[in-house]
There are 2 protein chains.
Amino acid sequence: MAELLTKQMQNVLIIEDQHLMRTILVDELKTALTTCFVQGAANISQAIDMLETSQFDLVIIDPGLPGFDPRSQADRIAVVQMIVERSPNAIHFVITGSDTDEEWRAFQKLGVSAYLAKNFIRPGSMIEVLDDFANDGQSVRFSDEAPSPPEFVYSGLTPREQEIVNWMRQRPAGKSRREIYDELGHRFDIDADSAEKYYKRARAKLLKTGILPKGL
Amino acid sequence: MAELLTKQMQNVLIIEDQHLMRTILVDELKTALTTCFVQGAANISQAIDMLETSQFDLVIIDPGLPGFDPRSQADRIAVVQMIVERSPNAIHFVITGSDTDEEWRAFQKLGVSAYLAKNFIRPGSMIEVLDDFANDGQSVRFSDEAPSPPEFVYSGLTPREQEIVNWMRQRPAGKSRREIYDELGHRFDIDADSAEKYYKRARAKLLKTGILPKGL
DNA sequence: AAATGAAGGGACAGCGTTGTCCCTGTTGAC
DNA sequence: GTCAACAGGGACAACGCTGTCCCTTCATTT
């Protein structure tokens, strides 16, 4: 299912006024869809411009745009409606900082297929959302307060090392490192030996600079 | 000035409940500070935990945390106050989705050194903020509606190619490509020839897949 | 005494990106 | 016609990241 989708959704538009959020959403979409072409707009006039010059398969909207009152329900709905009307052939997702049940129902009436709390989306979860949509025709993620493990980034580590360290830090008390290596090997489709190697190298780097989180 | 700062600010904590925003803030800080150790917390109890176990040089706070009402001024101030009190030796920045003048004054009284609208921060601008702080002891960036060029990302391009294409797309009408190549060469400290090469390769890739923005 | 888990390394091939240099054409302007 | 700008390439070295394999040392366990 999802594979089919990723083939269809080649042209994506993301409408979001916060630059960093837009940047990372563009990035998330880029990784969620194998080959694609993602564009971003920071305000509604830019968005409308782009909708007029290009065809999009998927449009992601944050209704809290400059020039509109983010607290006014009417304004938020107006923004979404304007976009939806100008891209009748696209699928529409809404991403919002403060989600409510009523708002989702209102957007649903406008033809919106997914309603996602910013609070919920985490790195990599756009894949699940697209999967949901492929299976059910919609995807809803309300705000989520489930604790996620604290981040931890040291500028000297390579991406792989970071990843492995982050997994190792969440090791439950009873588990041996070996078991984690095996898990990681399976998860990333590499040798458990390699996972071990990366962990050791990362650990060595952290030790040398004096920064070593308590979980070793 | 700023070089001195980057040496001092090795331990950074970012308190922000939106996972994507936190992730990219961690990343931005990592690139703004040459060698550093950035950690992220998604809620206040996690943050307080981390403040108790580690010493931080810089703490960045989004006052809109789960468990508090983001509309209540009292709640927002309480969050910041709680954090500031628990990290008396750190420098504090506040990042917010909806900024007001009064709020900045209130935070200032608590000892906060910078007040930044999410709307303003863009990729790479944490460097300027740190610079501001190094020079003036503070940095304030209210919400900004200045149009920024629309993003454009194609999954097949390498980072360098992306970068060069994005610069080229903003080429003013009168400027020749050659001039841009020279500028880019100077900016990235590479040969103008190399910049030309990257642009051409990127362009070829985009042509092959049929996606070519109008600016060529 | 032997086995196991863990820390800390070295050697090496493969791969993609980076960056430099150099080569052909085509087009439009002077 | 000549020259510059531009499109579209190829060859190549350097570098870092990835991933595999193999090594030693040391403490704990059995």
Side-chain angles (χ1 to χ4, degrees), chain A residues 27 30-31 34-35 123-124 153-216, chain B residues 27 30-31 34-35 153-216:
Chain A
D27 218 63
K30 196 181 68 177
T31 41
T34 37
T35 66
V153 175
Y154 166 60
S155 58
L157 300 183
T158 70
R160 254 291 181 276
E161 288 165 358
Q162 271 291 346
E163 222 165 357
I164 305 273
V165 165
N166 282 332
W167 279 94
M168 190 58 81
R169 290 184 71 226
Q170 293 167 56
R171 176 169 65 116
K175 250 181 191 165
S176 78
R177 296 202 194 287
R178 272 264 175 274
E179 290 176 84
I180 303 276
Y181 295 145
D182 286 340
E183 267 181 46
L184 289 171
H186 181 257
R187 182 170 297 271
F188 297 127
D189 200 35
I190 59 174
D191 260 35
D193 279 355
S194 299
E196 188 178 351
K197 171 75 183 181
Y198 293 138
Y199 172 70
K200 288 178 180 174
R201 207 162 56 193
R203 196 181 187 285
K205 283 185 189 179
L206 292 172
L207 256 182
K208 197 158 21 178
T209 48
I211 327 158
L212 231 197
K214 33 185 177 174
L216 279 202
Chain B
D27 218 61
K30 198 181 67 176
T31 41
T34 37
T35 67
V153 175
Y154 166 59
S155 58
L157 300 182
T158 69
R160 255 290 182 273
E161 288 165 359
Q162 271 291 348
E163 221 164 359
I164 304 273
V165 166
N166 282 333
W167 279 94
M168 191 57 82
R169 289 183 71 228
Q170 293 168 53
R171 176 169 66 115
K175 249 181 192 166
S176 77
R177 295 201 194 286
R178 273 262 177 275
E179 289 176 86
I180 303 277
Y181 295 144
D182 286 338
E183 267 181 45
L184 290 171
H186 179 258
R187 181 171 298 272
F188 297 126
D189 200 34
I190 59 173
D191 259 35
D193 279 354
S194 299
E196 187 178 354
K197 172 76 184 183
Y198 294 137
Y199 172 69
K200 286 177 181 175
R201 208 162 56 193
R203 195 180 187 285
K205 284 186 188 178
L206 292 172
L207 256 183
K208 197 156 23 177
T209 48
I211 327 158
L212 231 196
K214 32 186 177 174
L216 282 202

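Letters A, B, ... are given to chains in the order of the sequence lines, protein chains preceding strands, and every chain is numbered from 1. Everything numeric in this text was worked out from a predicted model, so none of it was measured.
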Notebook entry, point to check: Tell me, which of residues 185-196 of chain B have any heavy atom that sits under 4.0 Å from an atom in DNA chain C?
Noted result: B:Ile190, B:Asp191, B:Ser194

Margin query: Using the side-chain heavy atoms of B:Arg177, tell me which of these nucleotides is nearest: C:dA7, D:dA7, C:dA11.
Written below: D:dA7

Note to self: Less than 4.0 angstrom between a side-chain N/O of A:Arg203 and OP1 or OP2 of C:dG8, yes or no?
What the structure shows: yes

Check: When the C1' atoms of the five terminal pairs at each end define the local axes, what inter-axis angle does the helix from C:dA1-D:dT30 to C:dC30-D:dG1 show, to 10 degrees?
Finding: 0°

Margin query: How many whole angstroms separate atom OH of B:Tyr181 from atom C1' of D:dA5?
Written below: 9 Å

Notebook entry, point to check: More 5' along DNA chain D: B:Ala204 or B:Glu179, using each one's nearest nucleotide?
Noted result: B:Glu179

Note to self: I'd like to know if B:Lys197 reaches the base of D:dG8 with its side chain such that a donor and an acceptor end up less than 3.5 angstrom apart.
What the structure shows: no

Check: What is the nucleic acid contact for B:Leu207, judged by heavy atoms within less than 4.0 Å: base, sugar-phosphate only, or nothing?
Finding: sugar-phosphate

Next item on the list: Could you state the atom-to-atom distance from NZ of B:Lys200 to P of C:dT18 in whole Å?
Entry: 18 Å

Check: What's the CD-C1' distance between B:Glu161 and C:dG19, to the nearest Å?
Finding: 13 Å

Polar atom pairs (N or O), protein with nucleotides 12-17 of chain D, under 3.5 Å:
none

Notebook entry, point to check: Yes or no on side-chain contact (heavy atoms from CB on, under 4.5 Å) for A:His186 and A:Asp182, after CA distance, side-chain angles and deciding distance?
Noted result: CA-CA 6 Å; A:His186 181 257; A:Asp182 286 340; over 6 Å; no

Next item on the list: Between C:dG19, C:dA7, D:dA11, spot the one nearest the side chain of B:Tyr198, thanks.
Entry: C:dG19

Next item on the list: For the pair A:Glu196 and A:Arg177, find out whether any cationic side-chain nitrogen is under 4.0 Å from an anionic carboxylate oxygen.
Entry: no

Checklist line | Atom pair OH/NZ of B:Tyr154 and B:Lys205 - distance to nearest 0.5 Å | finding: 8.0 Å

Next item on the list: Return the nearest nucleotide to the side chain of B:Tyr199; candidates are C:dG10, D:dA7, C:dG8.
Entry: D:dA7

Next item on the list: Search all heavy atoms of B:Leu184 against all heavy atoms of B:Ala195 and return the closest pair with its distance.
Entry: CB-CB, 4.0 Å

Check: How are the rings of B:Tyr181 and B:Tyr199 set to each other: parallel, tilted or perpendicular (split at 30° and 60°)?
Finding: tilted

Check: What's the CG-C1' distance between B:Asp182 and D:dA4, to the nearest Å?
Finding: 14 Å

Item checked: d(CD, B:Gln162; P, C:dT18) in whole Å -> 11 Å

Next item on the list: Figure out the CG/C1' separation between B:Leu206 and D:dG8, and round it to whole Å.
Entry: 14 Å

Checklist line | Sidechain-backbone polar pair: B:Lys30 side chain, A:Val153 backbone, donor-acceptor under 3.5 Å | finding: no

